[in-house]
Amino acid sequence: MKPSRSIKQVESNPDFVRLSGADGLLFDLRYASERNFLGENVYGDFNRAYLHRIAAAKLLAAVRALSLSRPELRLLVFDALRPRSAQQILWNRVEGTRGEDYVSRPARGSVHCYGFAVDLTLAETATGRELDMGTEFDYFAPLSEPRFEERFLAEGKLSS
């Protein structure tokens, strides 16, 4: 099934919630554009962000907490629910490369495929400018891995 055909299935499933700017979120859905490691639109018409209702509730709680503590910042969503057909496309590009460590095998699926993962960053409310998180989106190297954060902070490769 093509990613764009997944929209109808998701929209008819009460377990999934469509996220919107009205929720206080910003969007730059990278796999629905060419701004990703493939350099192509993987999602086709699947250009809306959805999450499982449980994950969506937690994300919206984070939006509210951020707006109270840091009103000058907003969450910018890069990816949310991912169709399995899109997961296959991503895997086909990384299979046999070092990128395999950063993309889940399609048979198992990514947590994104279940609507329980969201890729995001912080952005300035006034301008939408992304804050520096140490690496770009889709950076397939140890510098992007949270388990190495303390080491890279100590080495000066990341800043607080």
Side-chain angles (χ1 to χ4, degrees), residues 1-11 13 16-52 55-56 59 62-63 66 73-149 151-153 155-159:
M1 177 183 308
K2 293 184 179 183
S4 57
R5 293 166 79 194
S6 300
I7 294 172
K8 289 180 180 144
Q9 287 183 326
V10 171
E11 288 180 339
N13 187 328
F16 296 103
V17 174
R18 182 176 177 184
L19 305 172
S20 77
D23 297 323
L25 294 162
L26 299 171
F27 296 91
D28 181 4
L29 299 176
R30 296 291 173 94
Y31 295 119
S33 75
E34 296 176 355
R35 296 185 61 208
N36 57 64
F37 77 97
L38 299 171
E40 65 186 62
N41 181 337
V42 178
Y43 283 1
D45 294 335
F46 195 92
N47 58 2
R48 301 164 204 143
Y50 297 88
L51 284 177
H52 188 278
L59 177 63
V63 168
L66 181 62
L73 298 176
R74 289 177 73 184
L75 295 176
L76 171 63
V77 176
F78 293 137
D79 195 25
L81 176 66
R82 180 181 304 150
R84 281 192 179 270
S85 54
Q87 189 68 30
Q88 184 68 55
I89 293 167
L90 300 179
W91 179 255
N92 290 346
R93 285 290 181 92
V94 300
E95 188 174 17
T97 72
R98 70 182 180 132
E100 263 190 16
D101 293 339
Y102 299 92
V103 176
S104 296
R105 293 178 182 273
R108 182 181 59 187
S110 162
V111 179
H112 283 285
C113 296
Y114 300 96
F116 282 100
V118 60
D119 295 340
L120 50 76
T121 192
L122 293 168
E124 295 175 347
T125 299
T127 64
R129 186 183 68 79
E130 296 172 33
L131 272 59
D132 179 6
M133 293 293 166
T135 68
E136 295 294 318
F137 178 76
D138 277 348
Y139 189 79
F140 295 167
L143 188 60
S144 69
E145 296 181 40
R147 65 186 170 137
F148 298 124
E149 181 179 4
R151 181 180 111 201
F152 289 133
L153 283 167
E155 293 174 0
K157 294 179 180 174
L158 291 176
S159 68

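Values below: all heavy atoms of this structure, side chains included; hydrogens, waters and symmetry mates excluded.
A donor-acceptor pair is defined here as one N or O able to donate and one able to accept, closer than 3.5 Å; such a pair exists between the side chain of R84 and the backbone of P106. Side chain of N41 to main chain of A32: a donor-acceptor pair is present (N/O by atom type, distance under 3.5 Å, no hydrogens or angles). Of the possible polar contacts, one joining the H112 side chain to the A80 backbone as a donor-acceptor pair under 3.5 Å is found. In this structure a side-chain-to-backbone donor-acceptor pair under 3.5 Å is present from S144 to Y139. Judged by distance alone, with hydrogens and angles left aside, the side-chain atoms of N36 form a donor-acceptor pair with the main-chain N or O of S33 at under 3.5 Å.
Here the closest non-hydrogen pair linking F27 and S20 is CE1-C, 3.4 Å. Heavy-atom minimum distance, A86 versus Y43: CB-CE1, 3.4 Å. When every heavy atom of V94 is checked against every heavy atom of E100, the shortest pair comes out as O-CG, 3.4 Å. Of all the heavy atoms in V63 and L25, the pair that sits closest is CG2-CD2, 3.5 Å. Annotation for S159 and L153: closest pair C-CD2, 3.6 Å, computed over non-hydrogen atoms. Nearest heavy-atom pair across G115 and L51 is O-CD2, 3.4 Å.
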Should L38 and I89 be marked as a side chain to side chain contact (heavy atoms under 4.5 Å, CB included) after you check the CA-CA gap, both sets of side-chain angles, and the distance that decides it? CA-CA 9 Å; L38 299 171; I89 293 167; 4.1 Å; yes
Mind running salt bridge (charged side-chain N to carboxylate O under 4.0 Å, His left out) on R30 and E130 for me, showing each step along the way? CA-CA 14 Å; R30 296 291 173 94; E130 296 172 33; 2.9 Å; yes
Side chain to side chain contact (heavy atoms under 4.5 Å, CB included) for V77 and L26? Distances and angles first, verdict last. CA-CA 6 Å; V77 176; L26 299 171; over 6 Å; no
What verdict does the salt bridge (charged side-chain N to carboxylate O under 4.0 Å, His left out) test give for E40 and R93, after you've listed the backbone C-alpha separation in whole Å, the side-chain angles of each residue and the deciding distance to 0.1 Å? CA-CA 12 Å; E40 65 186 62; R93 285 290 181 92; 2.7 Å; yes
Verdict with supporting geometry, V10 and L81, side chain to side chain contact (heavy atoms under 4.5 Å, CB included): CA-CA 9 Å; V10 171; L81 176 66; 3.5 Å; yes
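Looking only at side-chain heavy atoms (C-beta outward), F78 and T121 come within less than 4.5 Å of each other. Using a 4.5 Å cut-off on side-chain heavy atoms (C-beta onward), V103 and E95 make no contact.
Rounded to the nearest 0.5 Å, atoms CZ (R129) and CG (L122) are 11.0 Å apart. Here the straight-line distance linking atom CG of L90 with atom OG of S110 works out to 8.5 Å at 0.5 Å rounding. Rounding to the nearest 0.5 angstrom, the gap separating the CZ atom in F116 from the CG atom in L59 is 13.0 Å. Going from atom CG of L131 over to atom CG of L76 covers 10.5 Å, rounded to the nearest 0.5 Å. The structure places OH of Y50 at 11.0 Å from CZ of F16, a figure rounded to the nearest 0.5 Å. In this structure, the separation between CG on L158 and CZ on R151 is 10.0 Å, given to the nearest 0.5 Å.
Between the side chains of Y114 and R82, no donor-acceptor pair is found at a separation under 3.5 Å. A side-chain donor from one of E124 and T127 sits under 3.5 Å from a side-chain acceptor of the other. Side-chain contact annotation: N13 with Q9, donor-acceptor N/O pair under 3.5 Å absent. A side-chain donor-acceptor contact under 3.5 Å links D138 and Y31.
Residue-environment remark: CD (E136) stays at or below the threshold of 12 foreign heavy atoms within 6.0 Å.
For D101 and R98, the salt-bridge test fails: no basic side-chain N is under 4.0 Å from an acidic carboxylate O. Ion pairing between R35 and D28 holds under the 4.0 Å rule for side-chain N and carboxylate O. Of the charged side-chain nitrogens involved, none lies within less than 4.0 Å of a carboxylate oxygen, so that E145 and K157 do not count as a salt-bridged pair. Salt bridge annotation for E11-R48: present, with a cationic side-chain nitrogen under 4.0 angstrom from a carboxylate oxygen.
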